[in-house]
Amino acid sequence: MKTKHLPPSLLVRGFTLLEIMVVLLIIGLLLAVVAGGLTGLQTSGEMTATDAKVSGMRSMLLAYKTQGGSYPTQGQGLMALHRKPSDPAPKRWVQSIANEKDLNDAWDHPLQYRYPGTHNPTSFDIWSIGPDGQDGTGDEIGNW
């Protein structure tokens with residue numbers, strides 16, 4: 001039995017170590033770009049979720065005033081939506097927040113409350129201190 005030899009033009013050539021390293025480097029760079037883009041999407045999602053939470057708290061505070069006769073005092077704060085406050089006690093009270101953790105933003109920072117508000121002097125200010133965890137740095141999300 002004779003073995004047939006392939007002509008040199010049909011021989012299969014393997015990849016060199018350098019070629020494999022270049023391909024792996026390109027794949028790594030692509031993964032880094034995609035991961036960086038996803039981080040931006042996560043931050044955007046957290047900001048949207050926090051904005052929705054601030055809007056929801058605003059609605060709960062308006063309902064609190066309708067039922068109770070006034071907004072919670074500065075001292076009572078947003079906790080008045082979770083636990084019935086005393087001194088002064090609202091005329092009527094319904095628990096709006098079942099879990100105390102629901103008073104936090106997407107970064108697990110407590111939402112801030114001021115009554116009367118600086119931005120809304122006839123009502124209240126409610127805001128998140130933002131992703132950096134510091135108030136007054138310009139990344140706050142509020143009801144103004």
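Small disclaimer: the values here were computed from a predicted structure and weren't measured.
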Return a table of donor-acceptor pairs under 3.5 angstrom between the side chains of residues 55-68 and protein atoms on other chains or two or more places apart.
from	atom 1	to	atom 2	distance (Å)
S55	OG	D51	O	3.2
S59	OG	S55	O	3.3
T66	OG1	L62	O	3.0

Mind listing the closest non-hydrogen atom pair of [X] and [Y] along with its distance?
{"X": "G142", "Y": "V54", "result": "C-CG1, 4.0 Å"}
{"X": "P121", "Y": "P116", "result": "O-CB, 3.6 Å"}
{"X": "E46", "Y": "A106", "result": "O-CB, 3.6 Å"}

Is any side-chain heavy atom of T50 closer than 4.5 Å to one of W107? yes
I want to check something: taking the side chain as every heavy atom from C-beta on, are H119 and F124 in contact at a cut-off of under 4.5 Å? no
Applying side chain to side chain donor-acceptor pair (under 3.5 Å), name anything that partners S86, two or more places apart in sequence or on another chain. none
Could you pull out all residues at least two apart from [X] that satisfy side chain to side chain contact (heavy atoms under 4.5 Å, CB included)?
{"X": "T118", "result": "R114, D125"}
{"X": "I27", "result": "V23, L31"}
{"X": "I26", "result": "V22, L30"}

Check: P110 main-chain N/O paired with Q112 side-chain donor or acceptor under 3.5 Å: yes
Spell out, as yes or no, whether a donor-acceptor pair under 3.5 Å connects the side chain of Y113 to the backbone of P72. yes
Show me the pairs that pass salt bridge (Lys or Arg N to Asp or Glu O under 4.0 Å) and involve residues 67-82, at least two apart or across chains. none
Which pairs count as salt bridge (Lys or Arg N to Asp or Glu O under 4.0 Å) when at least one residue sits in residues 84-95, sequence neighbours excluded? none
Can you tell me which residue pairs pass the side-chain hydrogen bond (donor to acceptor under 3.5 Å, both in side chains) test with a partner in residues 93-105, sequence neighbours excluded? K101-D108, N104-D108, D105-S128
Applying side-chain hydrogen bond (donor to acceptor under 3.5 Å, both in side chains) as the test, list every pair that has at least one member in residues 132-141; sequence neighbours left out. W127-D135, D132-T137, T137-D139
To the nearest 0.5 angstrom, please state how far the CG atom of L81 sits from the CG atom of L103. 7.0 Å
Working to the nearest 0.5 angstrom, can you tell me the gap between L29 CG and L24 CG? 11.0 Å
Please name all residues satisfying ring pair (Phe, Tyr, Trp, His ring centres under 6.0 Å) with Y115, sequence neighbours left out, ordered by chain then number. Y71
